[in-house]
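Everything on this sheet refers to the single structure shown next.
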Amino acid sequence: MFTGIVTDMGRVRAVKRDGDTRIEFETALDTAALDLGASIACSGVCLTVIDKGAGWFAGEASAGTLRRTTLGGLGPGSAVNLERPLSVGGELGGHFVLGHVDGVARVLERTPEGDSTGLAFEAPAELARYIAPKGSVTLDGVSLTVNAVDGRRFTVNVIPHTARCTTLGGLRPGAEVNLEVDVLARYLERLAQDTPRD
């Protein structure tokens with residue numbers, strides 16, 4: 001489990017497509033403290049560390065993960081948001097993020113709002129119902145508050161710090177991002193479906 005608070009913006013150093021896709025990431029994280037088999041969120045996608053060295057680690061993505069996320073479009077030099085898992089007793093600064101990406105959202109607009117940046121996205125039709133004003137959403141692994149919703153369109157505000165320290169600062173209209181909706185919204189929907197009606 002993660003919080004959506006990115007701790008490093010790493011870069012892809014190599015991609016090997018053979019069966020599952022092996023992706024190597026350059027990072028400022030302490031890779032000596034990364035255990036093989038550990039989880040790490042890579043632009044919101046929970047990957048297992050399968051190999052590592054000084055300043056880098058590798059994960060594998062299955063065909064299913066590549067279909068559902070933007071990882072298939074990564075190449076050497078691509079920037080990636082990285083986050084280690086939440087530890088017991090650690091600070092929960094964002095919201096509960098599972099690293100199980102639900103789909104891909106597309107950037108519609110980018111507008112300046114004071115020192116911050118407003119970003120408008122289009123969610124996949126099947127996910128739009130889980131996004132609510134003032135609710136939480138995870139975009140490329142970053143925990144954000146939803147400002148407004150209009151059908152499949154939703155907006156968020158990115159403060160300067162987040163723009164500098166994550167890939168969100170470089171987003172332009174047409175770009176695609178990994179979208180994870182708030183897990184609480186999914187459970188509430190399921191509970192509502194299973195609740196008997198008089």
Please report the interatomic distance OG1(T70) to CG(D140), rounded to the nearest 0.5 Å. 5.0 Å

Should the heavy atoms of other residues, nucleotides or ligands under 6.0 Å from CG of D115 be counted, would the total exceed 12? no

If you link ILVMFWY side chains whenever their heavy atoms are less than 4.5 Å apart, which other residues fall into the same cluster as L139? By chain and number, please. V6, V107, L119, F121, L127, Y130, I131, V137, V142, L144, V146, V149, F154, V156, V158, L168, L171, V177, L179, V181

When every non-hydrogen atom of M9 is compared with those of T166, the smallest separation belongs to SD-C, 3.3 Å

Partners meeting salt bridge (charged side-chain N to carboxylate O under 4.0 Å, His left out) with R68 (sequence neighbours left out): none

Taking side chain as C-beta onward, heavy atoms only, is S39 less than 4.5 Å from F2? yes

Would you check if the side chain of D35 reaches a backbone N or O of G37 as a donor-acceptor pair within less than 3.5 Å? no

Does some side-chain heavy atom of L98 sit less than 4.5 Å from a side-chain heavy atom of C46? no

Under 3.5 Å donor-acceptor, E26 side chain and W56 backbone: no

Sub-4.5 Å side-chain heavy-atom contact between T27 and R11: no

Measure across R84 and L34 and return the closest heavy-atom pair with its distance rounded to 0.1 Å. NE-CD2, 3.2 Å

Is the side chain of N81 donor-acceptor paired with the backbone N or O of D8 at a distance under 3.5 Å, no angle test? no

Closest approach of G103 to V101 (non-hydrogen atoms, all atoms of both residues): O-CG1, 3.3 Å

If only atom types and distance count, is the side chain of T31 paired as donor or acceptor with the main-chain N or O of G53 below 3.5 Å? yes

Given side-chain contact (heavy atoms from CB on, under 4.5 Å), test L29 with T7 step by step and report yes or no. CA-CA 8 Å; L29 297 175; T7 51; 3.8 Å; yes

Give me the atom names and distance for the closest heavy-atom approach of D102 to E180. OD2-CA, 3.4 Å

Verify, without hydrogens or angle tests, whether E109 (side chain) and P173 (backbone) share a donor-acceptor contact under 3.5 angstrom. no

Side chains of E24 and F57 in contact at under 4.5 Å (non-hydrogen atoms): no

Between CG of L47 and SG of C42, what distance do you get to the nearest 0.5 Å? 4.5 Å

Assess the residue pair S43 and N178 against the criterion (side chain to side chain donor-acceptor pair (under 3.5 Å)); give the C-alpha distance rounded to whole Å, side-chain angles, the decisive distance to 0.1 Å, and a yes or no. CA-CA 7 Å; S43 284; N178 294 317; 5.2 Å; no

Can you find a side-chain donor-acceptor pair between S62 and D20 that sits under 3.5 Å? no

Contact between M1 and V97 at the side-chain level, heavy atoms closer than 4.5 Å - yes or no? no

Any side-chain heavy atom of N157 within less than 4.5 Å of one from T117? no

Can you name the nearest heavy-atom pair linking P160 to S116, along with the distance? CD-OG, 3.8 Å

Which heavy atom of S136 sits nearest a heavy atom of D182, and at what distance? O-CB, 3.6 Å

Thinking salt bridges, do R153 and E122 make one under a 4.0 Å N-O criterion? no

Let me check something: do V15 and L82 share a hydrophobic cluster, defined by ILVMFWY side-chain heavy atoms less than 4.5 Å apart, either directly or through other members? yes

Is a donor on one side and an acceptor on the other found under 3.5 Å between the side chain of R22 and the backbone of E60? no

Count the heavy atoms of every other residue, nucleotide or ligand shown that sit under 6.0 Å from CZ of R172, and state whether that count exceeds 12. yes

CD1 of I5 to SG of C165: how many Å apart, nearest 0.5 Å? 11.0 Å

Does some side-chain heavy atom of L71 sit less than 4.5 Å from a side-chain heavy atom of T21? no

Taking C-beta and beyond as the side chain, do T48 and L36 meet within less than 4.5 Å on heavy atoms? no

